[in-house]
Amino acid sequence: MERKECTKILKALADDTRMQIFEMLRGGTLCGCKILESLNITQPTLSHHMKVLCECGLVKAEKDWKWTYYTLACCKLNEMLDFLGDTKCRTGRTSEASCKENACD
């Protein structure tokens, strides 16, 4: 994955509503109507957020008659995680307690 592509995904996830949608989709494919029921937003606003998530490649949309189903693009997500995880910091998984001890001020 290229840096610009990763940046586009991270910018998409920087919005709280889109992060909520991402969290919902972690459980699997959802119809847009189910996502809308869970959020306190209008349908046009949901369409905008889904467009951003789809354009960055993190979410895939599939139309089925009048419904649109959304799912995470796992390959794209894994590419981003590999890109972000390819650092000297990742010499092994550290415990949460260890991370808190070494937290930056």
Chemist: Please answer whether the main-chain N or O of Asp64 pairs with a side-chain N or O of Thr68 as donor and acceptor at a distance below 3.5 Å.
Modeler: no

Chemist: Linking I/L/V/M/F/W/Y whenever any side-chain heavy atoms sit under 4.5 Å apart, do Trp67 and Leu30 land together?
Modeler: no

Chemist: Any side-chain heavy atom of Leu25 within less than 4.5 Å of one from Leu58?
Modeler: no

Chemist: Over all heavy atoms of both residues, which pair between Gly32 and Leu46 is shortest? Give the atoms and the distance, please.
Modeler: O-CD2, 3.5 Å

Chemist: Is there a donor-acceptor contact under 3.5 Å from the side chain of Asn78 to the main chain of Cys74?
Modeler: yes

Chemist: What is the distance from atom CG of Asp16 to atom CG of Leu13, rounded to the nearest 0.5 Å?
Modeler: 11.0 Å

Chemist: Taking all non-hydrogen atoms of both residues into account, name the closest pair between Arg3 and Phe83 and its distance.
Modeler: CA-CZ, 3.8 Å

Chemist: Going from CD on Glu62 to SG on Cys31, what distance comes out if it is rounded to the nearest 0.5 angstrom?
Modeler: 11.5 Å

Chemist: Same hydrophobic cluster for Phe22 and Val52, using side-chain heavy-atom links shorter than 4.5 Å among ILVMFWY?
Modeler: no

Chemist: Could you measure the distance from the CE atom of Met19 to the OG1 atom of Thr17? Nearest 0.5 Å is fine.
Modeler: 11.5 Å

Chemist: How many angstroms lie between NE2 in His49 and CG in Leu36, if you round to the nearest 0.5 Å?
Modeler: 11.0 Å

Chemist: Would you call Lys51 and His48 a side-chain contact if the rule is heavy atoms closer than 4.5 Å?
Modeler: no

Chemist: Please name the pair of heavy atoms, one in Lys60 and one in Cys54, separated by the smallest distance, quoted to 0.1 Å.
Modeler: C-SG, 4.5 Å

